[in-house]
Structure formats: structure tokens, C-alpha cells
2 protein chains.
Amino acid sequence: MADRPLNIDLLRRSPFFAAAGEAAMARLLRPSFTQQLPRGAVLFEQHEMPNFLHLLLAGSVGLQARDEAGTETTVEIFGAGELFLAPAAILGLPYLVSGAALTDVRVLMIPADLFREGIAADPALSRAAIELLSRHWRLMVDQVVDLKLRSSERRVARFLARRVPEEAGAGVAALPEPRTAIAARLGMTPETLSRALNALEAQGAIRMSSREAHILDRARLLQGRAR
Amino acid sequence: MADRPLNIDLLRRSPFFAAAGEAAMARLLRPSFTQQLPRGAVLFEQHEMPNFLHLLLAGSVGLQARDEAGTETTVEIFGAGELFLAPAAILGLPYLVSGAALTDVRVLMIPADLFREGIAADPALSRAAIELLSRHWRLMVDQVVDLKLRSSERRVARFLARRVPEEAGAGVAALPEPRTAIAARLGMTPETLSRALNALEAQGAIRMSSREAHILDRARLLQGRAR
DNA sequence: AAAGTGCCTTGATCCAGATCAACGAACGGC
DNA sequence: GCCGTTCGTTGATCTGGATCAAGGCACTTT
């Protein structure tokens with residue numbers, strides 16, 4: 001079933017399987033297998049037909065979209081525990097975006113057809129899918145609002161804050177993925193991202209080291225220099 | 001059941017009920033009623049708990065979000081035939097956005113609890129919800145890509161093109177909603193929208209009159225001045 | 001250890017689109 | 001039919017962030 005023992009607990013805690021329940025989880029897991037992929041690997045390509053659902057066990061994956069001119073952005077970055085059936089998998093439509101490993105990753109591959117059958121048959125599973133989709137819709141709405149009405153510095157601040165437990169006043173946000181991808185996810189250039197991080201550091205809200213940000217004061221970080 | 005005869009055919013053709021099937025439709029319609037609201041009316045308010053699902057029968061509704069500072073944007077504009085269960089209704093969570101009538105509207109009000117029960121019980125209905133959510137997720141992804149990598153003029157062009165049948169070379173795009181709302185939906189100021197429309201007219205791709213745009217050459221409109 | 005090779009930051013300049021400020025046109029109220 | 005009010009356009013200016021162009025570093029590769 002897997003080419004290496006897989007962390008059942010992580011799965012159980014993932015928002016999706018928590019909603020789907022043990023039974024559905026067991027059923028989906030039986031024919032699934034895990035895969036280890038290096039940074040840069042492409043999990044699926046825009047316009048392809050989906051054969052698998054991907055549940056991320058470790059690492060980060062970026063959903064990337066290319067426009068007609070060939071320029072690319074990162075639409076969203078997902079971390080461990082997330083299932084992204086870029087709804088394609090459910091609907092049986094071609095992927096709207098590509099999925100690329102932004103770090104080395106370990107993914108659970110769930111056969112898409114099996115999943116589609118499961119959804120039709122098992123109300124708990126379809127309920128879980130509905131919740132997942134709703135959550136993902138909200139993520140995108142949040143991002144649209146962010147892009148439309150917040151400055152790049154604010155977007156960076158919020159991005160960092162989201163990487164640390166909700167109620168913590170301080171903490172460490174890991175940033176294992178390349179700056180380019182983070183910048184794209186935030187709708188800015190790497191240069192602007194770099195400058196925004198500097199500014200936040202100058203304000204005393206964070207302290208940067210190469211692949212992580214120490215958040216010194218979450219509240220201050222979020223409210224900005226509006227002192 | 002309704003305070004005025006309602007166009008069953010429009011409902012049947014709406015993407016949601018088309019997927020849900022006649023039976024589910026009939027069941028949901030029985031306790032529902034329609035409402036006629038003037039431009040500016042608020043269908044639901046951000047942070048409120050959802051009591052109804054809204055199926056738009058006529059007019060346009062804008063999903064608006066306010067940030068902490070109080071500035072407002074339009075996240076999406078929906079037209080006749082659309083059902084927007086700003087997923088809140090499904091999940092039983094407070095609305096993430098407000099819904100405002102951008103024109104005079106006629107809406108079918110479907111009790112949310114009834115809908116939630118229906119989803120749990122009827123596979124066809126939950127299937128329809130999944131499809132709706134997937135479609136709406138894709139709309140938002142599209143918009144994020146638009147905002148991240150296209151200029152305001154391109155966004156306007158695409159917005160107009162989407163308001164005319166896919167395969168038509170020419171046609172009329174109605175723009176009944178206030179310019180301010182359209183501009184916000186497109187992530188720009190009314191001034192910029194106005195100038196973009198002028199530019200597209202100068203390129204000979206469209207001809208504007210106050211509340212509609214005549215699209216003279218859809219292909220040209222979409223490709224831009226890259227002549 | 002030297003020489004690549006990515007990846008990130010820093011600095012200088014530029015520009016699309018925001019902002020500010022009138023101005024005009026459509027519309028409902030009386 | 002006039003008047004205030006709301007909504008859209010136009011023009012002038014300003015600016016956040018993009019773009020362009022070098023540098024640092026931290027890695028592998030030899």
C-alpha cells in the first residue's frame with residue numbers, strides 16, 4: 001500500500017479525512033501509494049486530465065498557472081496535510097493549474113476514479129469534499145481581497161502571520177519554498193518581497209534568517225506601522 | 001410558494017438545478033419564495049449567519065468584502081440563474097462577504113436549513129453542490145490569475161468578452177451595474193476603467209454606449225493591441 | 001581551493017495605475 | 001421644468017511597485 005510506513009495520524013488530522021471519517025479513509029487508502037519527489041517535480045500539468053488526487057504528506061506544493069503569453073504565477077501554496085483535488089479531479093475536467101513541488105515532497109497518490117466513485121456512494125465522503133471545496137473557495141476569496149485592497153507589505157505580513165498558530169503572540173514561520181514562488185503567491189516580484197521583509201524587520205515585528213522568519217510580535221506584525 | 005409566477009424554465013436551465021435534477025428542485029422550491037429588491041439592497045451581510053440561499057432570477061448581485069480599515073471591494077458579480085451559497089450556507093459558517101443588489105433584482109430565497117438537509121440526504125443534490133463549488137473555485141482562481149498577471153486594460157477586455165456568447169465574433173455586452181462595482185470587481189478604480197474602455201474603443205474593438213458595450217470583434221478584443 | 005551556478009538582495013530608474021480635482025450628464029423629486 | 005444629487009468622465013499629478021542591472025552568498029562540481 002505504501003513504499004514506506006505512512007503517518008496515519010497526519011492523515012487522520014488532515015481536515016479532509018477528519019471530515020470523511022475512518023471508514024472512507026481506509027477505503028481510499030487501500031489502493032493508494034506514496035511517492036517521494038524532489039523540488040521542482042511537476043505533480044500535474046495544466047490542461048492534463050486528472051488521474052490522481054494528491055494528499056501532501058511532507059513539503060510544499062505550488063499551484064501554478066500560465067497565461068497565454070507564458071508568464072507564470074503561483075496561485076496558492078499548500079503544505080503538509082492538504083488535499084488538493086484542483087476540482088478537476090472531482091469533475092473530471094482538465095486541470096486549471098499545474099502542481100509543482102516547491103520543496104522535496106512526499107505525496108499520497110489516490111486514484112481519481114476511485115475517489116469519484118466514493119463521492120457518489122458515500123455521503124460522509126461527499127460531505128468532506130463539500131467542506132474542502134468551501135474552504136478552498138474561501139482561501140481564494142481571501143486572496144482576491146488581499147490583492148485588491150492591501151499593499152504588498154501588508155500581504156507579506158499576513159502571509160507570515162498565517163504560518164504561525166492563530167493565538168500565538170510569537171513563533172517561527174518556516175519558509176522552505178523559494179522566494180520566487182512566495183513572491184508569486186503574494187502577487188509581487190521577488191525584489192518587492194525582499195524589501196517588504198526588510199521593512200518588517202526594521203519595524204521590529206520579525207527577524208529573518210534565510211529560510212525562516214521569527215515573528216516577534218504577531219499583533220504588531222498584523223496591524224502594521226500604523227503606530 | 002411565490003409572490004409572483006416564477007420562471008421555471010430559467011431555474012431548470014440554471015447550472016445548479018440542471019445538475020440537481022427535477023425532484024430535488026421541486027423539493028427545494030416548495031418552501032421557497034421570491035423577493036423583489038431595489039438596487040442597493042443588501043441580501044446578506046458579512047459575518048451574519050446564513051438563513052437563506054439566494055438564487056438570482058433577474059438582475060446582478062455583487063459579493064462585497066470589507067477589510068478592517070473599512071474599504072470595500074467587489075469580489076464577484078453574479079447574474080441571473082446563479083446560485084450563490086457563499087459556502088457559508090452549506091457549512092453553517094458566517095458569511096465571508098456581503099451580497100448587495102447592483103441592479104433591481106428578483107431573488108428566489110431558499111431556506112438554508114432545508115438545503116443543508118437536502119444535501120445530506122440526496123446524492124444528486126450534493127453532487128450539484130460539489131459542481132457549483134468547483135465552478136466557483138475556478139472562477140476565483142481565474143480572477144487571481146487575472147489580477148496577478150494581466151494589465152487593467154486586458155482585464156476589462158476579458159470581462160467584456162465573457163459577457164457575450166463564447167463562440168460569437170460580435171455581440172452586445174450589457175453592463176447594468178454601476179461602474180464603481182465593475183471597477184472594483186476588476187481590481188481597479190472607476191477612472192482606470194473608464195480610460196480602459198476608451199482605449200478599447202479607440203482600438204476599434206468595441207463601441208460603448210452608457211449601459212452596454214457593443215463588441216465589434218471579439219478576437220481582437222481578447223488579443224489586444226498586439227497588432 | 002577555485003570556478004561555476006542558482007538564488008537572493010540591493011540600488012537606480014521607470015511607469016501603470018492611483019489619487020486628487022473639476023466638470024458634465026442622467027435622473028428622481030417637487 | 002427646474003434643481004439637487006448621484007454617477008461617470010476627463011485632466012493633471014503622484015507613487016507603489018515593476019523593471020533593469022549589478023553585486024553577494026551559499027551550494028555543488030572538479
Query raised in the report: Are Glu45(A) and Arg66(A) close enough, and set up right, to give a salt bridge (charged side-chain N to carboxylate O under 4.0 Å, His left out), and what steps lead you there?
Result: CA-CA 10 Å; Glu45(A) 193 81 56; Arg66(A) 233 184 328 279; 3.1 Å; yes

Query raised in the report: Which is true for Thr189(A) with a 4.0 Å heavy-atom rule: it touches a base, it touches only sugar-phosphate, or it touches nothing?
Result: base

Requested in this report: Taking only the side-chain heavy atoms of Arg179(B) (C-beta and beyond), determine which of dT10(D), dT19(D), dT9(D) contains the nearest atom.
Outcome: dT9(D)

Requested in this report: Whole angstrom is fine here: how far is it from CD1 in Ile182(B) over to P in dC7(D)?
Outcome: 13 Å

Query raised in the report: Short question: side chain of Glu212(B), backbone of Ala173(B) - any donor-acceptor pair under 3.5 Å?
Result: no

Report task. Please state how far atom CE in Met208(B) lies from atom C1' in dT10(D), giving the value in whole angstrom units. Result -> 15 Å

Query raised in the report: Does a nitrogen or oxygen in the side chain of Thr192(A) sit under 4.0 Å from OP1 or OP2 of dG17(D)?
Result: no

Query raised in the report: Do the side chains of Arg179(A) and Leu197(A) get nearer than 4.5 Å, heavy atoms only?
Result: yes

Query raised in the report: Rounded to whole angstroms, how far apart are CD on Glu191(A) and C1' on dA21(D)?
Result: 10 Å

Query raised in the report: First and last nucleotide of DNA chain C touching chain A, 5' to 3', heavy-atom cut-off 4.0 Å?
Result: dC8(C) to dA12(C)

Query - Glu201(B)/Arg207(B) under salt bridge (charged side-chain N to carboxylate O under 4.0 Å, His left out): CA gap, chis, key distance, verdict - result: CA-CA 5 Å; Glu201(B) 194 159 13; Arg207(B) 170 186 297 255; 5.5 Å; no

**Report entry** Nearest heavy atoms of Pro178(B) and Arg211(B), plus distance in Å
**Finding:** CA-NH2, 4.0 Å

Query raised in the report: Where the side chain of Thr73(A) meets the backbone of Val145(B), is there a donor-acceptor pair that is under 3.5 Å apart?
Result: no

Requested in this report: Give Gly40(A) one of three labels, base, sugar-phosphate or nothing, depending on what nucleic acid heavy atoms sit under 4.0 Å from its own.
Outcome: nothing

Query raised in the report: Among dT19(D), dA12(D), dG8(D), which nucleotide sits nearest the side chain of Arg195(A)?
Result: dT19(D)

**Report entry** Under 3.5 Å side-chain donor-acceptor pair for Glu177(B) and Thr103(B)
**Finding:** no

Query - Phosphate-side-chain proximity, Arg211(B) and dG8(D), N/O vs OP1/OP2 below 4.0 Å - result: yes

Query - Spacing of Leu102(B) atom CG relative to dC7(D) atom C1', expressed in whole Å - result: 14 Å

Query raised in the report: How would you label the contact of Thr180(B) with the nucleic acid (heavy atoms, under 4.0 Å): base, sugar-phosphate, or nothing?
Result: sugar-phosphate

Query - Interatomic distance where CE belongs to Met188(A) and P belongs to dA18(D) [whole Å] - result: 7 Å

Requested in this report: Specify the separation, in whole Å, of atom CG of Leu197(B) and atom C1' of dG8(D).
Outcome: 11 Å

Query - Glu153(A) CD to dA18(D) C1', straight-line distance once rounded to whole Å - result: 17 Å

Report task. Answer with base, sugar-phosphate or nothing: what part of the nucleic acid does Ser210(A) contact at a heavy-atom distance below 4.0 Å? Result -> nothing

Report task. Please report the shortest heavy-atom distance between Arg155(B) and Leu147(B), naming the atom on each side. Result -> NE-CD2, 3.9 Å

Query raised in the report: Mapping Arg39(B) and Asn198(B) to their closest nucleotides on DNA chain D, which lands nearer the 5' end?
Result: Arg39(B)

Requested in this report: Answer yes if the ring centres of Tyr95(B) and Phe84(B) are under 6.0 angstrom apart, and no otherwise.
Outcome: no

Query raised in the report: Hey, do the aromatic rings of Phe78(A) and His54(A) have their centres closer than 6.0 Å?
Result: no

Requested in this report: Tell me which residues in residues 63-75 of chain A put a heavy atom below 4.0 Å from DNA chain C, sorted by number, or none.
Outcome: none

